[in-house]
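I have placed the structure first, in the form of structure tokens, so that the comments after it can refer back to it.
For ligands, and for the atoms within them, numbers begin at 1 and follow the listed sequence.
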Amino acid sequence: MSDDLKKGLEGVLVAESELSFIDGDEGRLVYRGYDIEDLARDASYEEVLYLLWHGRLPNRDELDEFSESMATAREIDDGVMATVRELAAADEEPMAALRTVVSQLSAYDDDAAADPTDEAANLRKGRRITAKIPTILAAFVRVRNGDEPVAPREDLDHATNFLYMLNGEVPDDVLAETFDMALVLHADHGLNASTFTSMVISSTLADLHSAIPGGIGALSGSLHGGANQDVMEALLELDDSGKDPVEWVEDRLDAGERVPGFGHRVYNVKDPRAKILSEKSEALGEAAGTPQWHDYSVAIEEYLTEEKGLAPNVDFYSASTYYQMGIPIDIYTPIFVMSRVGGWVAHVLEQYEDNRLIRPRARYVGPMDEEFVPVDER
Ligand SMILES: CC(=O)SCCNC(=O)CCNC(=O)[C@H](O)C(C)(C)COP(=O)(O)OP(=O)(O)OC[C@H]1O[C@@H](n2cnc3c(N)ncnc32)[C@H](O)[C@@H]1OP(=O)(O)O
Ligand SMILES: O=C([O-])CC(=O)C(=O)O
């Protein structure tokens, strides 16, 4: 047993996985052998889900059948909708609402009582959870805005249907394709903290409905998925301040604050997903006549890369992309969930396939040999 302490488990190898490969020095991300640039350009989110869950890309018939099975699983039960309404009325945080409601889905899932390691049942459960998350999120946003939820449409793909349910109108092709691409980009990323959380939960032989809310909780933090919301709030703060982006970022660093959307445990260079999203953010800004968001971002990136050796991660350019798509800022991280749930399900399936309880240890540095004194004598 080694006594080397690896704080934050940095660089510690804890599993073998066939799902995603990351080269942190080259800035390369691969899902099951396919480069992220190719998938972002040519594959739909449904194709990527199939790839992650079934081990290979589907043919046309398989994709049609899979997409249909996703589309027909979108509706949520009345009890679930009642919780959505209650949480919206209580002004719950969107990530907390999603965590609560996804947990509740087990009460209505036909496979809830199945053996937690039953692969066929887990594929059905994973599909239902993934299909229902957009319905839950869109309904939550509409209800809190005083609108009625919009029922899902089975003839629309996953990305288009979400924007339709959110806004009550079918998005144009640019918005739908950009959103689908964002879902593809966020679907998996090795043993990031939320995926590892889901794996730890499933390693106890707890079920998928326990592992996914755990992943949502872990993703919500500002060091992980929560950073995309922080990025947009920072860009708006910069805009309001009237400062030059470099001056603003210097002030922030001088105040001892981190810049959200920069730095990464694995990448030492620009995150390949940030490269793709940066192009999208720029194109949306040009089309809408709002180039400032991309311009600010580029100025911050240039300064932090050159002066501090910090490169942008996926959250940096997704923020201005979503903002220019008119998506409310506090659902950027829930949108990350909408995509990453695919990766969580895939890693949980892998974990069950060759399970061993995940249980590291801590070096004890507390006191020893204390004399116990009864409570009334202390
Ligand atoms: C989808 C995702 O989860 S991507 C990550 C999203 N999170 C963020 O964008 C939040 C901002 N970034 C960070 O806080 C970090 O870079 C993390 C959490 C992503 C990675 O953390 P770690 O691998 O533990 O790196 P660590 O925190 O040790 O940072 C290393 C050094 O870089 C600095 N640093 C890292 N990120 C930043 C940042 N965003 N702003 C300013 N300084 C930073 C740290 O201060 C530290 O410097 P020091 O050694 O002088 O103290
Ligand atoms: O890999 C990580 O640590 C964080 C990340 O970029 C992701 O989860 O997409």
Side-chain angles (χ1 to χ4, degrees), residues 5-12 14-15 17 19-25 27-31 36 39-40 48 52 95 182-199 214-235 238 245-246 248-277 297 300-301 303-322 332-344 346-347:
L5 196 152
K6 297 274 185 191
K7 201 141 181 250
L9 295 181
E10 179 162 4
V12 176
V14 297
S17 174
L19 292 163
S20 49
F21 168 79
I22 305 164
D23 184 330
D25 294 324
R28 185 171 181 213
L29 171 61
V30 170
Y31 297 166
I36 197 66
L39 294 171
V48 166
L52 291 173
M95 279 297 274
L183 294 181
V184 168
L185 292 178
H186 288 82
D188 196 37
H189 208 251
L191 298 203
N192 61 84
S194 56
T195 298
F196 189 57
T197 301
S198 295
M199 287 169 62
I216 297 176
L219 190 74
S220 68
S222 61
L223 297 186
H224 193 11
N228 57 7
Q229 173 172 342
D230 296 344
V231 169
M232 199 59 229
E233 283 165 357
L235 291 176
L238 159 62
V246 170
W248 175 85
V249 90
E250 278 175 337
D251 287 352
R252 195 169 171 126
L253 292 174
D254 287 347
E257 290 172 31
R258 291 191 171 203
V259 184
F262 280 84
H264 200 277
R265 178 61 66 77
V266 183
Y267 292 117
N268 299 315
V269 294
K270 186 168 180 173
D271 183 327
R273 301 165 298 175
K275 278 191 196 159
I276 300 170
L277 285 163
S297 305
I300 296 170
E301 177 184 344
Y303 171 79
L304 283 176
T305 306
E306 279 156 31
E307 302 296 325
K308 306 286 170 193
L310 283 169
N313 58 52
V314 67
D315 290 327
F316 192 58
Y317 284 101
S318 65
S320 51
T321 302
Y322 297 151
Y332 294 1
T333 316
I335 284 172
F336 200 151
V337 171
M338 202 189 289
S339 165
R340 182 57 56 86
V341 64
W344 294 332
H347 282 271

Nearest heavy atoms of [X] and [Y], plus distance in Å:
{"X": "Trp344", "Y": "Ser194", "answer": "NE1-OG, 3.1 Å"}
{"X": "Ala187", "Y": "Leu52", "answer": "CB-CD1, 4.1 Å"}
{"X": "Asp315", "Y": "Val231", "answer": "O-CG2, 3.7 Å"}
{"X": "Thr321", "Y": "Tyr317", "answer": "OG1-O, 2.7 Å"}
{"X": "Ala227", "Y": "Pro260", "answer": "O-CB, 4.1 Å"}

Do the side chain of [X] and the main chain of [Y] share a donor and acceptor less than 3.5 angstrom apart?
{"X": "Ser339", "Y": "Leu183", "result": "yes"}
{"X": "Tyr31", "Y": "Asp188", "result": "yes"}
{"X": "Thr305", "Y": "Glu301", "result": "yes"}
{"X": "Arg252", "Y": "Arg258", "result": "yes"}
{"X": "Ser20", "Y": "Gly190", "result": "yes"}
{"X": "Asp23", "Y": "Arg28", "result": "no"}

Quiz item: Side chains of Asp25 and Asn268: do they bring a donor and an acceptor to under 3.5 Å?
Solution: yes

Specify the protein heavy atom at minimum distance from [atom]: its residue, its atom name, and the distance to 0.1 Å.
{"atom": "atom 4 (C) of ligand 2", "result": "His264 NE2, 3.4 Å"}
{"atom": "atom 9 (O) of ligand 1", "result": "Gly261 N, 2.8 Å"}
{"atom": "atom 24 (O) of ligand 1", "result": "Arg265 NH2, 3.0 Å"}
{"atom": "atom 4 (S) of ligand 1", "result": "Asn313 CG, 3.6 Å"}
{"atom": "atom 1 (O) of ligand 2", "result": "His189 ND1, 2.7 Å"}
{"atom": "atom 19 (C) of ligand 1", "result": "Gly263 O, 3.8 Å"}
{"atom": "atom 29 (O) of ligand 1", "result": "Arg258 NH2, 3.9 Å"}
{"atom": "atom 8 (O) of ligand 2", "result": "Arg340 NH1, 2.8 Å"}
{"atom": "atom 11 (C) of ligand 1", "result": "Phe262 O, 3.3 Å"}
{"atom": "atom 40 (N) of ligand 1", "result": "Val259 N, 3.0 Å"}
{"atom": "atom 3 (O) of ligand 1", "result": "His224 ND1, 2.6 Å"}

Practice problem: Using a strict cut-off of 4.0 Å, indicate which atoms of ligand 2 neighbour a heavy atom of Arg273. | Solution: 5 (C), 6 (O), 7 (C), 9 (O)

Practice problem: Any chance you could measure Leu185, atom CG, to Leu29, atom CG, to the nearest 0.5 Å? | Solution: 8.5 Å

Quiz item: Could you give the distance from CZ (Arg340) to OG1 (Thr333), rounded to the nearest 0.5 Å?
Solution: 12.0 Å

Looking at ligand 1, would [X] count as a contact under a 4.0 Å heavy-atom criterion?
{"X": "Phe336", "answer": "yes"}
{"X": "Ser222", "answer": "yes"}
{"X": "Leu310", "answer": "yes"}
{"X": "Gly8", "answer": "no"}

Which atoms from ligand 1 have a heavy atom of [X] less than 4.0 Å away?
{"X": "Ala227", "result": "6 (C), 7 (N), 8 (C), 9 (O)"}
{"X": "Val314", "result": "1 (C)"}
{"X": "His264", "result": "4 (S), 16 (O)"}

As a test of the contact definition, would [atom] count as having a protein heavy-atom neighbour under 4.0 Å?
{"atom": "atom 44 (C) of ligand 1", "result": "yes"}
{"atom": "atom 14 (O) of ligand 1", "result": "yes"}
{"atom": "atom 51 (O) of ligand 1", "result": "no"}
{"atom": "atom 47 (O) of ligand 1", "result": "no"}

Exercise. Could you establish whether His224 and ligand 2 come within less than 4.0 Å of each other, counting only heavy atoms on the residue side?
Key: yes

Quiz item: Any idea which part of Asp315 is under 4.0 Å from ligand 1, heavy-atom wise: side chain, backbone, both or neither?
Solution: side chain

Self-check item: Centroid separation Phe21 to His189 less than 6.0 Å
Solution: no

